[in-house]
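In what follows, a structure is listed as structure tokens, so that the remarks can point back to it.
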Amino acid sequence: MSSRVYIENLADYVGREATISGWLYNKRSSGKIRFLILRDGTGVLQGVIVKQNVSEKVFNAFDTLTQESSLRISGTVRKDDRAPGGYEMDVKDVEIIALANDYPITPKEHGVEFLMDRRHLWLRSQRQHAILRVRHEIIRSIREFFDGRGFLLMDAPIFTPAACEGTSTLFETEYFDLGKAYLTQSGQLYGEAGAMAFGKVYVFGPTFRAEKSKTRRHLTEFWMVEPEVAFNDLNDDMDLAEEFLEHIVGKVLKNRAAELKTLERNTKFLENVKKPLPRITYDEAVEILRKKGTSFERGNDFGGTDETVISEEFDRPVMVHRYPAKVKAFYMKRDPKNEDLALAVDVLAPEGHGEIIGGSQREDDYDVLLKRLHEHNLPESAFDWYLDLRRFGSVPHSGFGLGVERTVSWICGLDHVRETIPFPRMIYRLTP
RNA sequence: UCCGCGAUAGCUCAAUGGUAGAGCAUGCGGCUGUUAACCGCAGGGUUGUAGGUUCGAGCCCUACUCGCGGAGCCA
């Protein structure tokens, strides 16, 4: 058997014979000339079958082909601007591998429920290919960014004994004789242990939130990357976040331009993602809301609509820092200049895509942290190991978490995160 | 959990309270450069479920189920 040729490499085969294996994406016929669109996962290729150039058997085989049937076509490769994909094959032979029967996703519009029920098939469409390739590029550039800066990848456990943050609801499961275990909602606390051990680490993995959120920004299972750096203060944390965003957006613009074009993404705002990003305080953000006439009350956290209103003031992501401590997590350090404020930062993506990064400088004083645990009614015993990090050589340290799906949604310009992960898990969807 | 909107052919949608239609998909036929091809013909329905109002309900009313959007919460 000759070496396998993929559609993405067809430029090397112009004027030569090749065999491509794949699935039928679509077909058209016009009398004694027939066209088929083959996809092989790397691209699409238009095959042309002219009756007088092929055997009757091959010509008739075309007529039995149905959408998503698997087949191999052989013939001469030719560049042709008329063809979807840019290349054409003058087909000499068609080998049918398996005929598909009544493939449900036709080349016409479908509803969300219908497509979500068939997500395993929907993944075959060009739009989903583009989104998931951008997702891959984002994940690759995330790892590249941290690996290139000497961060250690530190995997945090999925099963945890207690909440990392008191506020969210946790998925609960039985754990042998040890009682209840919970699916992690953040690897951060373990990341802090890693930072004390290795200086700078990043945790990258799935996280779970049993919130009954039903919005375009929420999944119950989502991926998060969480860097944690010893001796970094809040400003260092923001410096890291903006360099990080510049890196991943830059990589997608450079390496996935074709996919962004498929998605009809206007890249104007993406090209603005260069450091420095605007930094405003919580109070300045509240002032923006006031000026725009919203009924926001100072002291609350921002809702989805508030975030959109704030981000509309900027043509790139904006960092909002120093939130009221009472709306933030127990582990965040207070601002020494104002004990009511937490040294926290949220990065809001433009165009209403909401919070993509949440971070903070962590409380590094043993007594203060213990007090915060009690204030939040968290079981001290479950956090004993975490308190150890303050008993033995505590240092200032900071980190943040970036939600991968929201980032994909923003960069692709989607209106819902459900298409940013192969098999989304949402409050009312567990299948396929 | 709460608020709003929706459910009609395989899919996407029409249909003044009065005979349920179209496009796509499917099947058959036509066309030598098609681009979600096009043209002709055909098959395809207990209008989400259960009640109610009415001479008559896809349409009006009630409840339920499912879905979508949003709120709260959050990345």
Side-chain angles (χ1 to χ4, degrees), chain A residues 25-37 44 46-53 59 63-64 66-68 78 80-86 88 90 100-118 125-127 164-170 184-188 206-226 241 300-308 327-329 345-349 352-359 400-410 415-418 420-421 426-429:
Chain A
Y25 201 64
N26 200 356
K27 66 173 186 179
R28 293 178 273 272
S29 70
S30 179
K32 298 186 173 49
I33 180 166
R34 313 240 146 141
F35 303 90
L36 59 81
I37 311 287
V44 294
Q46 172 156 284
V48 185
I49 303 175
V50 179
K51 183 164 185 151
Q52 67 192 36
N53 294 348
F59 199 70
D63 290 333
T64 68
T66 50
Q67 193 188 356
E68 286 302 318
R78 177 162 49 72
D80 194 318
D81 292 335
R82 291 174 296 185
E88 271 193 355
D90 289 318
N101 291 317
D102 296 324
Y103 184 72
I105 302 178
T106 60
K108 258 291 189 188
E109 54 205 278
H110 296 287
V112 170
E113 184 187 10
F114 182 82
L115 290 169
M116 290 300 295
D117 284 342
R118 292 158 185 80
S125 73
Q126 297 295 290
R127 179 182 159 82
C164 298
E165 307 176 24
T167 51
S168 294
T169 319
L170 294 162
T184 184
Q185 56 183 334
S186 165
Q188 181 204 308
T207 50
F208 308 86
R209 308 254 169 117
E211 296 156 1
K212 297 201 167 177
S213 302
K214 196 182 165 312
T215 81
R216 65 185 65 198
R217 303 181 306 279
H218 285 86
L219 300 170
T220 54
E221 176 183 319
F222 65 97
W223 285 67
M224 192 153 66
V225 58
E226 298 171 283
N300 294 335
D301 205 349
F302 302 124
T305 321
D306 302 319
E307 290 177 351
T308 302
V327 301
K328 289 292 181 184
V345 58
D346 283 356
V347 180
L348 309 181
H353 283 91
E355 182 187 346
I356 49 171
I357 283 181
F400 60 81
L402 170 122
V404 170
E405 287 73 19
R406 282 191 187 173
T407 304
V408 177
S409 178
W410 160 52
D415 59 10
H416 201 298
V417 291
R418 66 187 155 215
T420 63
I421 186 168
M426 294 175 288
I427 177 168
Y428 294 126
R429 175 163 300 274

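All values derive from a computational prediction rather than experimental measurement.
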*How many angstroms lie between OG1 in A/T207 and CZ in A/F222, if you round to the nearest 0.5 Å?*
3.5 Å

*Select base, sugar-phosphate, or nothing to describe what A/E113 touches, counting heavy atoms under 4.0 Å on all strands.*
sugar-phosphate

*asked:* Tell me the interatomic distance from A/Y25, atom OH, to B/A36, atom P, rounded to whole angstroms.
replied: 11 Å

_Using a 4.0 Å heavy-atom cut-off, does A/F222 contact any base of the nucleic acid, only the sugar-phosphate backbone, or nothing at all?_
base

*Taking atom C1' of B/C68 as reference, at what distance in whole Å does atom NE2 of A/H110 sit?*
18 Å

*Checking salt bridge (Lys or Arg N to Asp or Glu O under 4.0 Å) for the pair A/D63/A/K27: CA distance, chi angles, key distance, verdict?*
CA-CA 9 Å; A/D63 290 333; A/K27 66 173 186 179; 5.1 Å; no

_Test your reading of the model: is there a side-chain donor-acceptor pair from A/R118 to the backbone of A/F114, 3.5 Å cut-off?_
yes

_Among B/A75, B/A71, B/C11, the one nearest A/R217 by side-chain distance_ = B/A71

*Per-nucleotide protein contact string for nucleotides 24-33 of chain B (B base, S sugar-phosphate only, - none; heavy atom under 4.0 Å)*: SS-----BBB

_Could you tell me the Watson-Crick or G-U partner of B/C38, where both distances fall under 3.5 Å? Say none if there is no partner._
B/G30

*Using a 4.0 Å heavy-atom cut-off across all strands, classify A/G354 as base, sugar-phosphate, or nothing.*
nothing

*Any N/O donor-acceptor pair, A/H218 side-chain to B/C74 base, under 3.5 Å*: yes

*5' precedence on RNA chain B between A/M116 and A/W223 (nearest-nucleotide basis)*: A/M116

*Does A/K214 get its side chain close enough to the base of B/G69, under 3.5 Å, for a donor-acceptor pair?*
yes

*Partners passing side chain to side chain contact (heavy atoms under 4.5 Å, CB included) against A/E307 (at least two apart in sequence or in another chain)*: A/F302, A/L348, A/E355

*Searching all strands shown, indicate the nucleotide that pairs with B/G43 (Watson-Crick or G-U wobble; both distances under 3.5 Å).*
none

*Contact class for A/H353 (heavy atom, under 4.0 Å): base, sugar-phosphate, or nothing?*
nothing

*When the distance from CE of A/M224 to P of B/C74 is rounded to whole Å, what number comes out?*
13 Å

*B/A71 OP1/OP2 closer than 4.0 Å to side-chain N/O of A/T305*: yes

*Return the value, rounded to whole Å, for the distance between atom NZ of A/K212 and atom C1' of B/C3.*
17 Å

*Starting at CD of A/E226 and ending at C1' of B/A75, how long is that distance when rounded to a whole Å?*
9 Å

*Most 5' of A/Y428 and A/L402 on RNA chain B, judged by nearest nucleotide*: A/Y428

*Please measure how far the C1' atom in B/A25 lies from the corresponding atom in B/G17, and state the result in whole Å.*
33 Å

*Whole-Å gap separating P (B/G10) and CG (A/N101)*: 18 Å

_Length of the line joining A/L36:CG and B/A36:P, which is rounded to integer Å_ = 16 Å

_Taking the minimum atom-to-atom distance to the side chain of A/R209, which one of B/G72, B/A75, B/C11 wins?_
B/A75

_Determine whether a donor-acceptor pair (N or O, by modelled atom type, separation under 3.5 Å) exists between the side chain of A/R209 and the backbone of A/Q185._
yes

_Distance between C1' atoms of B/C59 and B/U53 (Å, rounded)_ = 13 Å

*Just checking A/D346: base, sugar-phosphate only, or nothing, at a heavy-atom cut-off of under 4.0 Å?*
nothing

*Check for a donor-acceptor pair, side chain of A/Q188 on one end and backbone N or O of A/E226 on the other, with a separation under 3.5 Å.*
no

*Same-atom distance (C1') from B/G48 to B/A7, integer angstrom*: 6 Å

*Using purine N1 to pyrimidine N3 plus N6-O4 or O6-N4 for Watson-Crick, or N1-O2 and O6-N3 for G-U wobble, both under 3.5 Å, which nucleotide pairs with B/A20?*
none

*Determine yes or no for a side-chain-to-main-chain donor-acceptor pair under 3.5 angstrom, with A/R217 supplying the side chain and A/H353 the backbone.*
no

*Atom CZ of A/F302 to atom P of B/C74: distance rounded to whole Å?*
13 Å

_Need the pair for B/C66. Rule: Watson-Crick or G-U wobble, both distances under 3.5 Å, any strand; none if unpaired._
B/G6

*Under 4.0 Å between any heavy atoms, over every strand shown, what does A/I357 touch: base, sugar-phosphate, or nothing? Just pick one.*
sugar-phosphate

*asked:* Is it true that A/T106 and A/Q67 share a donor-acceptor pair across their side chains at a distance under 3.5 Å?
replied: no

_C1'-based separation of B/A20 from B/U8 [nearest Å]_ = 8 Å

_Rounded distance in Å between the P positions of B/A57 and B/C39_ = 39 Å

*Nearest-angstrom distance, C1' atom, B/C11 to B/G45*: 14 Å

_Donor + acceptor pair across side chains of A/Q46, A/E88 (<3.5 Å)_ = yes

*Which part of the nucleic acid, if any, lies within reach of A/R118 when heavy atoms closer than 4.0 Å are counted: base, sugar-phosphate only, or nothing?*
nothing

*asked:* Strictly distance-based, threshold 3.5 Å: is any side-chain N or O of A/S213 a donor or acceptor partner for the main-chain N or O of A/T215?
replied: no

*Sticking with atom C1', work out how far B/U65 lies from B/G18, rounded to a whole angstrom.*
30 Å

_Complement of B/A75, any strand, by Watson-Crick or G-U distances under 3.5 angstrom_ = none

*Pick the P atom in B/A42 and in B/G56, then give their distance to the nearest Å.*
35 Å

